[in-house]
Amino acid sequence: MLSEQEQIRRESLQKIIAYGINPYPAEEFKTTHYSLDILKKYNEDEKVIIAGRLMRRKIQGKASFGTLQDAKGRIQIYLNRDVICPDEDKSMYNDVFKKWLDLGDILGIEGKVFKTMVGEISINVEKIHLLSKSLKPLPQPKKDSEGVTHDAFNDPELRYRRRYVDLVVNDHVKETFIKRSKIINSMRKFLSQKEYIEVETPILQSIPGGAAARPFVTHHNALDVPLYLRIANELYLKRLIVGGFDGVYEFAKDFRNEGMDKTHNPEFTQMEMYVAYKDYHWMMNFTEEMLEFICLEVLGTTNVNIGGEIVSFKKPFKRISMIDSIKEHTGIDISKMSELELRKTCEKLDVATDASMGKGKLIDEIFGEKCESNYIQPTFITDYPVEMSPLCKKHRDNPELTERFELMVNGKELANAYSELNDPIDQKSRFEDQVKLAEKGDDEAMFIDLDFIRALEYGMPPTSGMGIGIDRLVMFLCNQASIQEVLFFPQMKPEKWDTGPNKNEYLELNISETWIQPIYESGYTTKEILLEAKPTAVHQKLNGYRKKNKLDIPPILLEEVQSWYN
RNA sequence: GAUUCGUUAGCUCAGCUGGUAGAGCACAUCCCUUUUAAGGAUGGGGUCCUGGGUUCGAACCCCAGACGAAUCACCA
């Protein structure tokens, strides 16, 4: 059922076609300017051609004002009847513009630049072209002279499901996504300046490796094998290092079949990179250099407002080992503790544990509970317990630790990096430990990837690798608290659509075509629902519907309704 | 997964103690040749998320469900 406004727009569409205008023309429309160009450089009487969406219209007799919104901004247009229609025939203004065009229509405008009496740069329209008719009314937020928005389009569900509307109507949304693009470009520029190679690796993987997470499963028909959407691309990028590239990186969509919240979406973007002959100390320097570069290039400053805190991305960032961090925040030195002592410490600190947790997991819990959220300013946390990191090289000074760092910003993980494990024998035994975890029921334990082991057996140079969450980085640099604000189309439950009546079902009952839609619209959406109702009630409801919608058909007779029930 | 909140016109939202469904913008008609959030006048527009229940009577109370948001838990 169309709303009144939608019906009116469809009627206007018909009138436009009857008048001889194609509402959806095929031809290229050549523009000379963007709105922004005209506003930036005022050239009185300059002839311009622009295209965009009509966002405001104010008709005042023979003159009208409007606002045209294009990809770069908005500009006011002025229409005078006798300028648009210099001849006798005034229908282009009186009918087409005033009656049949609507807010939201895409128009091409030819005219001359001028300033109104109030001094606003505008276009005096000489010719108007309909480029696409809009059949659904847009929300109409208004900004007042103090910059306060009234009637903002701000229902999150509508905004995410109809992002196209959100983008048309909410300027700041577009800005966020433009900035996202700039951040990614800037990172790519930085990596490419180092002469690393941008690569692409499989998204469909038969063994989902490189991280601890539950995968999405799919099936390949021709090969008749299960395939997984990648949870990471780490193992493939390392194979390329084996193959002799010194530096590779990939901007990768990864997929994890886990819970969603304001920092997690089932598909998300990571940039992973691997560089041969480096270690995690080198990678820390590299990471802070890269982030500083991006901030300066995109924002022009290293001071970033994140949720009201000023966070400085000026290098160097603070570095602290996990054990020292725990010492700093709890006053307890856990470095020499046994598993039992750690468990007691957890109890004392009120950190929840369970029996399956090993030494490493216990340490990680303490850190997660007591330390992590304190790191607002960028901080490298280094030297994680070995159980947590099956793909990471053991620490050169302490075999219980690994050469790993995570970069914490605003209490959240932004990046994760290792001195990569390149000892195939050690790697195999770490994978086997994961298999044992899986057998114990850990559904996030890693799969064993024998081909990856084989690759390491051919020899991988010492390498450092790093992954950085692009969505989170964008959230930080755009000061957005929710991942949904930095993804065009965040994951949502599928929308339910009213697909209309199943006609055959009604025809089976000998119901005439003309009454099917009214029956459906009256709430009898299936045969079963209709047959459960009383014929007299249906009869009344249908004639009520006929009257209300002013249907041009005779009222239905009770006998006819009753005949459906026999 | 738990708890809380929300769902009323195209959009943003009111709607008291259960008693005929409201406003602003948008839309339509008429008037108006430079408006600045929205010139003036008049008018049309509703599956009050869905399904049950209570009641003489439900947008409102009760039960179940759908969708969304926040917090927490789980998870990187």
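A note on names: the letters A, B, ... follow the listed sequences, proteins ahead of strands, and every chain is numbered from 1.
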Nearest to the side chain of A/F153 - B/U36, B/C11, B/C32? B/C11

Residue A/R56, side-chain atoms from C-beta onward, closest of B/C27, B/U12, B/U35: B/U35

Side-chain donor/acceptor contact of A/Q60 with base of B/G39 under 3.5 Å: no

For the side chain of A/T116 and the base of B/U36, is some donor closer than 3.5 Å to an acceptor across the two? yes

Quick one: does A/D70's side chain have a donor or acceptor within less than 3.5 Å of a partner on A/S35's backbone? yes

OP1 or OP2 of B/C67 under 4.0 Å from side-chain N/O of A/K493: yes

If the cut-off is 4.0 Å, is A/K58 near the phosphate of B/A37, judged by side-chain N/O to OP1 or OP2? no

For the pair A/Y249 and A/F251, name the ring-plane relationship: parallel under 30°, tilted 30 to 60°, perpendicular over 60°. perpendicular

Atom pairs and distances, side-chain donor-acceptor, residues 465-479 of chain A, under 3.5 Å, sequence neighbours left out:
{"residue": "A/D471", "atom": "OD1", "partner": "A/R180", "partner atom": "NH1", "Å": "3.0"}
{"residue": "A/D471", "atom": "OD1", "partner": "A/R180", "partner atom": "NH2", "Å": "2.9"}
{"residue": "A/D471", "atom": "OD2", "partner": "A/T269", "partner atom": "N", "Å": "2.8"}
{"residue": "A/R472", "atom": "NH1", "partner": "A/E413", "partner atom": "O", "Å": "2.9"}
{"residue": "A/R472", "atom": "NH2", "partner": "A/H264", "partner atom": "NE2", "Å": "3.4"}
{"residue": "A/N479", "atom": "OD1", "partner": "A/G307", "partner atom": "N", "Å": "2.7"}

Checking base pairs now: Watson-Crick or wobble, both atom distances under 3.5 Å. What partners B/A73? none

Under a 3.5 Å cut-off for both contacts, is B/U54 paired Watson-Crick or G-U wobble with anything, and if yes, with which nucleotide? none

Please work out if A/R214 contacts a base, only the sugar-phosphate, or nothing of the nucleic acid, heavy-atom cut-off 4.0 Å. nothing

At 4.0 Å (heavy atoms only), tell me whether A/R161 reaches a base, stays on the sugar-phosphate, or touches nothing. sugar-phosphate

Under the criteria of a ring-centre distance below 5.5 Å and an interplanar angle below 30°, is A/H150 stacked with the base of B/A37? yes

What heavy-atom pair brings A/R404 and A/C392 nearest, and what distance separates the two atoms? CB-SG, 3.7 Å

